[in-house]
Amino acid sequence: MKETTDSKPDPRTSRRNFLMTPAGAGAIAAAIATPGQLFAGTSATIPTITIPKEIPATLNEAPKVGTFEGRGMTGAEVFAKLCKEEDLAAMFCCPGNYTVINAMAAAGVPSYGGRSEGPMCAAADGFSRVTGEATACSGTEGPGFTHMIMNIASAHAARTPLLVLASNMQIAGDDREAFIQTGYQQPITTGMKKYGKRLIAPDRVWEYGAYAFRNMKSGVPGPVHLDFPGEVARARFTDPANIKDFYTKDKYRTESRPQPSNKEVASAVDMISKAQRPILVAGQGVFQRKACEALLQAAEKHEFAVVTSGPMRGHFPDDHRLSASLAPDALMSADLVVFIGQYCMPSPGEYRFNPDVKTIRVHPVQEDLGRNWPLDLGIVSDEKVFLESLASELPSKKRDAWVNELAAARKKFEDTNLAHYQLGLKHSAATDHIHPAVMAKEVHDFLYKGDIDPKQTVTGIGGWTTGIFSGRWMRANRPGQGLACGYQYGAIGPDLAMVIGAGAAVQRGVGPQAPYKGAPVLCITSDAGIAYSMFELDTAAKYKIPVIAVVYNNNCWGMFPAAMGSARSMHLYLFQENLRYDKMAEGLGARGEYVRTPEQLRAALKRSYDAASKETVSSLINVQALKEFTSGNVYPPGIALPTEPGVGAFAH
Amino acid sequence: MYREFKEFVKSRHSESLPDHRRIDLKKAAVRSSNRSGNVALTLTVKNSDYEYATRKLIHLVHEIYLVFLQEGHYDYMIEVFNLDPDHL
Ligand SMILES: Cc1ncc(C[n+]2csc(CCOP(=O)(O)OP(=O)(O)O)c2C)c(N)n1
Ligand SMILES: [Mg+2]
């Protein structure tokens with residue numbers, strides 16, 4: 001695409017030259033044959049895709065928080081001021097809730113406007129998952145808000161500190177169905193939020209903003225949902241004395257964290273030291289509470305194994321010799337498991353531990369200790385505080401036998417993956433379509449075995465067959481490098497939007513993304529999944545967030561085996577075959593690639609990564625597959641659920 | 001599938017497993033049998049260490065679910081254990 005502010009063609013890129021040149025029908029054919037060129041006008045009369053000059057211009061405006069002078073501050077501006085003071089990391093929205101989103105953007109909250117509310121909500125979630133920061137999403141009353149529901153629920157399952165904002169008519173019209181779009185919002189988010197409130201008193205807007213951040217930034221985080229009637233958003237304040245509880249954040253919430261007693265730390269140290277094969281399950285709390293460094297120190301000092309869990313990955317590096325995330329076969333050997341920051345607790349039998357395993361669980365909220373999984377020792381503590389105590393109190397220790405067992409199990413896992421890949425290669429060659437094991441291995445080799453720093457690229461995966469095969473191959477070698485898009489809620493579809501949200505964080509180098517600022521991000525998603533998020537390629541292009549979407553196109557909802565034996569059902573599960581998601585992406589201002597062999601995929605990944613890093617242009621790679629690859633009967637190995645906890649896990 | 005199951009059960013005695021994972025043949029022996037599709041698992045206690053044998057049997061059943069069936073028999077889990085794909 002071309003920005004209208006930049007009128008000179010860029011001689012560096014043939015892509016841009018291509019765009020500038022009116023192309024005839026022959027050029028369309030050439031574009032299909034030569035993957036990687038953007039959709040451009042096909043004749044001089046059809047203009048090319050451009051970014052309007054208002055976009056960079058308004059993004060470059062200096063932020064301005066409202067003041068009480070003159071006409072004063074609106075309720076929305078008061079709320080935005082609080083969000084700014086709380087360093088709200090980003091807001092993703094679609095127009096609607098106008099007074100609030102305008103005030104947030106004006107106040108300097110980094111803001112992104114997209115194509116539909118659901119994916120924008122997922123983008124906010126993705127941003128938070130790879131940074132640990134609180135983020136917001138917003139939509140209009142009624143329709144925009146209800147469109148976000150699936151992704152609010154996903155964020156709730158993932159314990160994301162997500163601020164869900166929506167306008168909601170006027171209090172004066174409550175219960176009258178005045179004009180349009182009336183809806184009771186708060187009951188709709190019941191069961192999918194940590195806290196919520198319809199704001200009904202304009203003078204309490206700051207107070208409820210404080211409620212929101214107190215909930216997102218204390219204990220176990222979760223979504224907060226505020227709905228704004230017009231009387232609150234558009235209220236005017238010329239005197240701060242008219243705003244209730246209008247004081248700074250150190251007065252309305254605290255950074256004090258639960259500390260374990262010395263006795264509790266001593267008991268834990270004693271149990272860990274006495275265990276032969278201890279393993280620590282590092283949940284999302286380790287990442288969200290910024291305890292990764294303390295975890296690394298404690299693990300290396302005392303040589304315990306670590307396996308990660310949660311909606312993000314990398315809080316303990318997959319490539320570390322003490323990592324059990326790629327060593328499913330060793331899990332059953334552990335004689336002690338220490339859960340830290342495991343916010344969504346599995347039940348015994350859902351994690352691959354032996355029935356005699358002893359359990360310590362460290363959690364910031366007492367009420368959850370003992371839920372689902374029986375404890376031998378429960379400790380109420382902040383994750384970081386506890387891991388720092390462990391790092392200082394645990395004795396240095398060498399556990400050669402345990403470390404060797406981990407290494408052997410990792411080798412076995414890798415060998416199994418390679419065996420699946422070999423089978424996949426055979427199937428790919430025999431069918432001239434790409435098997436999912438081959439797709440996953442090619443992406444793996446490209447990201448982690450070639451010229452790219454294996455710690456660099458943030459990835460997210462979704463889809464069914466797609467996600468199951470890719471989960472075994474995607475790696476997270478540093479905090480915030482991976483997204484388990486379907487974590488716990490199992491929604492098909494938010495993947496690409498989540499990864500674009502994560503890409504916004506990488507673009508700005510927020511938190512753990514700082515060393516990789518500006519790097520491309522990559523999403524492996526499915527044909528079913530892409531339908532939910534694809535239009536956000538427009539959003540990625542508009543904000544120059546370089547994303548590579550690898551779409552496993554198997555012409556169906558991968559649950560089609562459920563239709564077998566049901567006479568009139570299969571049509572419900574199948575799509576038209578050979579749909580061209582690459583062409584659709586071109587129509588949205590991204591590059592399109594179409595591949596059917598491993599060699600083509602390799603080359604397409606390279607071209608896409610180059611375009612992403614050098615030109616901040618996104619690409620969609622349509623990986624053409626067959627639905628039959630899902631089943632092991634004809635094309636072994638077929639799908640197998642991932643071992644939990646570990647790489648590829650998505651339930652807990 | 002039964003052939004793989006038999007192999008899996010047999011492999012629990014394998015020397016390649018670490019001690020804490022192996023079923024010691026001197027203390028207990030496990031084997032599987034198949035009578036027209038009805039599969040049985042038998043554990044014989046060798047040295048009167050009933051606690052050891054019982055524990056190993058529980059571990060074995062646990063591993064059959066969480067390792068053997070989970071790693072390669074997804075369709076079977078749906079058919080026999082009603083693993084509902086809607087939950088996935
Ligand atoms: C929004 C949503 N709709 C339906 C489902 C139920 N479901 C789970 S997996 C699946 C098949 C998904 O197909 P696809 O993502 O294309 O995966 P693949 O074809 O690679 O197996 C379905 C329908 C779901 N989890 N989420
Ligand atoms: Mg599909």
Side-chain angles (χ1 to χ4, degrees), chain A residues 275-277 328-335 346 348-357 401-402 404-406 408-409 412-413 416 419-420 464-465 467-468 472 486 488-492 557-565 573 630-633 636-644 650-651, chain B residues 1-5 7-24 27-28 30 37 41 43 45 49-88:
Chain A
Q276 306 270 311
R277 293 170 300 281
D329 216 38
L331 298 177
M332 217 43 114
S333 291
D335 55 353
E350 292 191 291
Y351 269 10
R352 194 191 277 193
F353 292 126
N354 79 59
D356 293 328
V357 76
W402 186 211
N404 291 340
E405 192 179 338
L406 288 173
K412 186 172 166 200
F413 179 73
T416 306
H420 292 176
W464 178 237
T465 311
I468 284 175
R472 300 178 74 94
Q488 171 58 206
Y489 200 63
I492 293 294
W557 294 93
M559 284 295 172
F560 72 94
M564 287 173 176
Y573 294 73
T630 295
S631 158
N633 295 338
I639 52 173
L641 290 181
T643 297
E644 308 228 354
F650 52 77
Chain B
M1 183 174 169
Y2 178 69
R3 196 166 36 80
E4 285 173 46
F5 180 70
E7 275 305 303
F8 181 81
V9 171
K10 206 172 134 206
S11 73
R12 301 300 94 187
H13 289 304
S14 162
E15 286 296 321
S16 66
L17 288 179
D19 285 352
H20 51 273
R21 292 288 287 279
R22 186 172 48 231
I23 302 177
D24 185 349
K27 297 184 176 176
V30 281
L41 195 59
L43 180 134
V45 185
D49 189 345
Y50 289 96
E51 205 234 297
Y52 176 89
T54 312
R55 192 172 295 282
K56 286 294 179 183
L57 182 61
I58 292 168
H59 282 225
L60 176 57
V61 171
H62 191 71
E63 292 201 21
I64 288 168
Y65 280 100
L66 283 182
V67 181
F68 175 75
L69 290 174
Q70 191 252 353
E71 279 191 349
H73 300 282
Y74 174 71
D75 294 342
Y76 180 86
M77 293 290 274
I78 292 178
E79 276 163 37
V80 179
F81 293 106
N82 207 15
L83 182 73
D84 183 350
D86 253 1
H87 291 163
L88 300 170

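So that the names make sense, note that chain A is the first sequence line, chain B the second, and so on, each numbered from 1.
For Pro642(A), the part sitting under 4.5 Å from any heavy atom of chain B is the backbone (N, CA, C, O) and nothing else. Contact of Tyr489(A) with chain B is not made at all, since no heavy-atom distance falls under 4.5 Å. Neither the backbone nor the side chain of Pro637(A) comes within contact range of chain B; no heavy atoms are under 4.5 Å apart. Neither the backbone nor the side chain of Thr416(A) comes within less than 4.5 Å of any heavy atom in chain B. At a 4.5 Å heavy-atom cutoff, the contact between Asp329(A) and chain B is made by backbone and side-chain atoms alike.
With chain B as partner, the option from Pro355(A), Gly349(A), Ala408(A), Pro561(A) having the largest number of non-hydrogen pairs under 4.5 angstrom is Pro355(A). Across His73(B), His20(B), His62(B), the residue that shares the most heavy-atom pairs under 4.5 angstrom with chain A is His20(B).
Between Ile64(B) and Phe5(B), the closest side-chain pair of non-hydrogen atoms falls below 4.5 Å.
Classification of Arg55(B) and Glu51(B) as a salt-bridged pair holds, one side-chain N sitting under 4.0 Å from a carboxylate O.
Remark: Arg12(B) qualifies as a cation-pi partner of Phe8(B) under the 6.0 Å distance and 45° angle criteria applied to the six-membered ring.
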The test is salt bridge (Lys or Arg N to Asp or Glu O under 4.0 Å); show your working for Glu63(B) and Arg352(A) and say whether it passes. CA-CA 8 Å; Glu63(B) 292 201 21; Arg352(A) 194 191 277 193; over 6 Å; no

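Of the N and O atoms on the side chains of His59(B) and Asp356(A), at least one donor lies less than 3.5 Å from an acceptor on the other residue.
Tyr65(B) OH: 12 or fewer foreign heavy atoms inside a 6.0 Å radius.
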